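Single-structure report; data block below.
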Amino acid sequence: MTRAAPAALLIGLSAPAMAQMAEPTTPPDPPPFAAQGEPNFVNRADIFEFRALDSYDQPEFMDAFVEAGMLPPVEERLPEEPMVYSADNMPDGAGAYGDVMRHVIGGRPEGWNYIAGQSQGWGGIDIGMYECLTRTGPLFMVNPEDLEPLPNLAKSWEWSDDGMQLTVNLVKGAKWSDGDPFDAEDVMFYWDHHVMDPEITPLNGANPETFGQGTTLEMVDDYTVRFTFTTERPEQVLYSMAYGTFCPGPSHILAPEHPANNPDNSYEDYRNAFPPDFLNFPVMGAWVPVEYRADDIVVLRRNPYYWKVDSEGNQLPYLNEMHYRLSTWADRDVQAVAGTGDFSNLEQAENYVESLRRAAEDDSPARLEFGPRIIGYSLYMNLSGNGWGEPDERAQAVRELNRDIDFRIAVSTALDRVRLGESLVKGPFTAQYPGGLYAGTSYYDKDSTVFYPHSIEAAKAHFEAAGLEDTDGDGFYNWPEGSPAGDGNVQITLLANTDYQTDRNLAEGVVAMMEEAGIKVSLNLMAGNDRDATRDSGRYDWRVERNTSELITVVQNTSELASTGPRTNPVHYANDAGELDLLPFEQELADTVTAFMETNDPEERAELMKQYQKLYTENLYGIGLTQYPGALIINKRFANIPSGAPIFMFNWAEDNIIRERVYVPEDQQADHELYPEALPGAPGSDGPVTAG
Ligand code: GLA
Ligand code: CA
């Protein structure tokens, strides 16, 4: 009998005479699943340009604000050259003012200090509030030959002849939603006191590596900033100027609270200085938060200073109000198909069958369209061996196992990915996911992808090779001899996000499969915000997590593809002393990513990503679980929804559909506005105001 035999007996296998190590292959091809709806591909310049128009218009109710002297006339509120969306490029043409998009979300806002790392509860609140220097969401519809981030707050940019500098021209005369000018000061405050301040990690994790090692930024004048690089023409930085990593905050409100200016404030004080009930927080986005009721709703009203218009001169957005019901993500699906909510990214596979059934009915209020299979989950092990997250003896012993390739192969082969996928939804949706770049995306290469097929025999052989034995014969592996964790059974905790049923189900599936293989795992379930904080402080052994966009597009958040710096990928952050103890393969992975960021040669890039994929999947940097398609559900009354908008690609659908130009035709407008005729009040005041 081999020593792990009791574990095998749990699933009725007889013990093998000889260790059968894993036989890696290329991954099986995912079952065919055609995306519905094709984008109408265009060039970036077809979507909008910056130019002055002869005259501008605003919703009629706003005239009273101007007459009462509460607002300057619309032309004075707009920049010299606003962003002008071409009506010709809009799927349904120029729109009408009015109505609301009723979102439902499962997250909860921590507060509005986005650039100091606070979450607004996701589901598109932050995307609608904060604008970034460039924009990536709509790139799903941009011709591949013209693929480069869209201008946004950065209306244009120029590379120096030697490629070592990038001069960025900000939109001139744009204003925050309270009328304060937006300028280079806001940009520099973000850079100097957030990106470059090691005490702060802005949401989604902008850090110095995001912009390339050694990059600096300086102010040239009120509307110009300049990057200086240490490598030639790192075009990557245009993606780093987009959502998540370069969306400046209102320095006129934030700077006085920052510890650099206010010695009485700690970083924690600064982060929390603008709680959710601080209303009318100034934004550059289309909607401003005017009401917050805990566990109930966040209401946003149109930003009277929004700096985008349609080609007929109408100030955007068309929609007057945005609602975010504070509920659950599963409820978002239910409400969107029922018509009590307006929008959902159908992404929890457990809800697919019911949602599809309802959407197929003739009187369905919503349309539902599937995209490519790029929602994916992985099991990530904490690979720090030198103290990140201050592990106790047990946790340190787990880290040492995590760092052993035999242990990771054992875990990967112990997972039955077919069964995991089917536990979420039966049918052609899920595919076995080896980890790393997704099949079907542009940098994916099947021959560079290593897949460890499910085999309990192989799992046992590799657990043993990692030094594990079931010394007391209770069916579970014990700590290796001499382990500081003692001589009992190996005990691992698995961190997962309770905000999503899918995260929970997959985590439970992993626990069950590990138990069958002889490893005891217990769940550490937490709400999203707490889960994020726990992960980012390194207090976890393993975690199951939905993957982020760099594994789809590669060109964004590229530095996060590996541990390219002390805090770029939470598989492995540096310890308090700033030291990273990367395994040799992790170092190679990081070097590959850095090399990718430093070249613009397409062939070299493709080659580097093959290497990346090979290193990643062979060494199991992350252990892939399942991948499947998502569907956008949107109420039928909305116009200007671009076809083929994926729920997630360069960004989430909330950005991809360009909500500021989405509208409801007048004859279909519903009575959903909670604050008709109102506009945001002064920052920190009670709520919205009317002109009466
Ligand atoms: C959450 C949701 C996604 C999407 C994003 C937007 O993560 O699960 O579907 O709405 O928020 O940030
Ligand atoms: Ca045991």
Side-chain angles (χ1 to χ4, degrees), residues 2-10 101 103-109 114 119-130 132 136-137 203-204 243-244 247 285 298 322 324-333 335-336 341-351 355 371 374-377 460 463-464 468-481 483 485-492 497-503 514-515 517-520 527-529 531-532 545-549 628-634 645-657 659:
T2 60
R3 289 170 185 127
L9 291 176
L10 289 175
M101 191 177 280
H103 297 264
V104 175
I105 64 175
R108 293 293 180 272
Y114 173 88
S119 148
Q120 279 74 68
W122 309 106
I125 303 198
D126 57 331
I127 295 172
M129 289 177 61
Y130 310 106
C132 316
T136 53
L203 205 66
N204 292 352
Y243 173 74
C247 317
V298 178
M322 284 278 165
Y324 294 89
R325 273 282 160 211
L326 305 177
S327 177
T328 65
W329 296 111
D331 190 37
R332 176 171 71 168
D333 299 340
Q335 294 219 37
D342 291 324
F343 175 102
S344 189
N345 296 321
L346 185 65
E347 62 191 354
Q348 296 191 73
E350 297 87 338
N351 299 346
S355 304
I374 49 185
I375 306 284
Y377 279 83
K460 282 162 47 181
F463 280 132
E464 282 173 28
L468 299 185
E469 270 181 51
D470 177 16
T471 46
D472 51 9
D474 67 350
F476 290 100
Y477 288 107
N478 294 61
W479 295 108
E481 220 181 288
S483 169
D487 55 9
N489 289 333
V490 169
Q491 179 67 52
I492 294 170
N497 184 346
T498 48
D499 292 359
Y500 299 91
Q501 193 57 44
T502 311
D503 295 52
M514 287 305 123
E515 178 158 324
I519 296 285
K520 267 217 161 95
N529 293 337
R531 190 283 309 256
D532 289 354
E545 191 164 326
R546 191 176 69 193
N547 293 325
T548 43
S549 56
Y628 55 82
L632 179 61
I633 310 180
I634 196 144
I647 72 161
F648 188 51
M649 191 172 276
F650 291 92
N651 200 348
W652 290 99
E654 290 91 332
D655 194 36
N656 303 348
I657 63 172
R659 282 178 300 177

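Keep in mind the model is a prediction, meaning the values are calculated, not measured. Remember, it's 1-based here, ligands and their atoms both numbered in the order they're listed. We use all heavy atoms of the structure for the numbers below, so side chains are in, but hydrogens, waters and symmetry mates are not.
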Ring geometry between Tyr377 and Tyr628 (parallel below 30°, tilted from 30 to 60°, perpendicular above 60°):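 The rings of Tyr628 and Tyr377 lie parallel, inter-plane angle below 30°.
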Is the ring pair His103/Tyr324 parallel, tilted or perpendicular, if the boundaries are 30 and 60 degrees?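 Because their plane-to-plane angle is under 30°, the rings of His103 and Tyr324 count as parallel.
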Looking from the Ca ion (ligand 2), what is the angle between OD1 on Asn478 and OD1 on Asp472, to the nearest 10°?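 Result: 80°, to 10°.
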Quick one: the OD1 of Asp470, the Ca ion (ligand 2), OD1 of Asn489 angle, rounded to 10°, please.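 Once rounded, the angle between the two atoms at the Ca ion (ligand 2) is 160°.
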The one among Gly107, Gly123, Gly106 that brings a heavy atom closest to atom 6 (C) of ligand 1: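 Selected option, by shortest heavy-atom distance: Gly123.
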Would you mind finding which of Asn497, Asn345, Ile127 brings a heavy atom closest to atom 4 (C) of ligand 1?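 Looking at heavy atoms only, Asn345 sits closest to atom 4 (C) of ligand 1.
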Do [X] and [Y] have side-chain N/O donor and acceptor atoms under 3.5 Å apart?
X: Thr471; Y: Asn478; value: yes
X: Asn489; Y: Asp474; value: yes
X: Asn497; Y: Asp503; value: no

Using distance alone, decide if ligand 1 has a nitrogen or oxygen within less than 3.5 Å of any nitrogen or oxygen in Trp329.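 No; the residue has no nitrogen or oxygen that sits under 3.5 Å from a nitrogen or oxygen of the ligand.
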Please indicate whether any nitrogen or oxygen in Asp126 is less than 3.5 Å from any nitrogen or oxygen in ligand 1.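 N/O-N/O distance under 3.5 Å: no.
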Count the heavy atoms belonging to other residues, nucleotides or ligands that lie under 6.0 Å from CG of Asp472, then report whether that count exceeds 12.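 Yes, enclosed.
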Closest to the Ca ion (ligand 2), which N/O/S atom of Asp474 is it?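 Of all N, O or S atoms belonging to Asp474, OD1 is the one nearest the Ca ion (ligand 2).
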Looking only at protein heavy atoms, which one is nearest to atom 10 (O) of ligand 1, and how far off is it?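 Result: Glu654 OE2, 2.5 Å.
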Looking only at protein heavy atoms, identify the closest one to atom 7 (O) of ligand 1 and say how far it is in Å.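 Scanning the protein heavy atoms, the shortest distance from atom 7 (O) of ligand 1 goes to Arg546 NH2, 2.7 Å.
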Going by the order shown, which atoms of ligand 1 are within less than 4.0 Å of some heavy atom of Tyr500?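 Numbered from 1, ligand 1 contributes 1 (C), 2 (C), 7 (O), 8 (O).
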I'd like to check which ligand 1 atoms, numbered from 1 as shown, lie under 4.0 Å from a non-hydrogen atom of Arg332.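 Near Arg332, the atoms of ligand 1 are 2 (C), 3 (C), 8 (O), 9 (O), 10 (O).
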CD1/Ile127 to CD/Glu654 distance, rounded to the nearest 0.5 angstrom?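 Rounded to the nearest 0.5 Å, the CD1-CD separation comes out at 5.0 Å.
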If you measure from CG on Asn345 to CH2 on Trp329, what distance do you get to the nearest 0.5 Å?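 If we round to the nearest 0.5 Å, Asn345:CG and Trp329:CH2 are 8.0 Å apart.
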Under 3.0 Å from the Ca ion (ligand 2), can any N, O or S atom of Phe476 be found?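 Here the distance criterion (N, O or S atom, under 3.0 Å) is met by Phe476, so yes.
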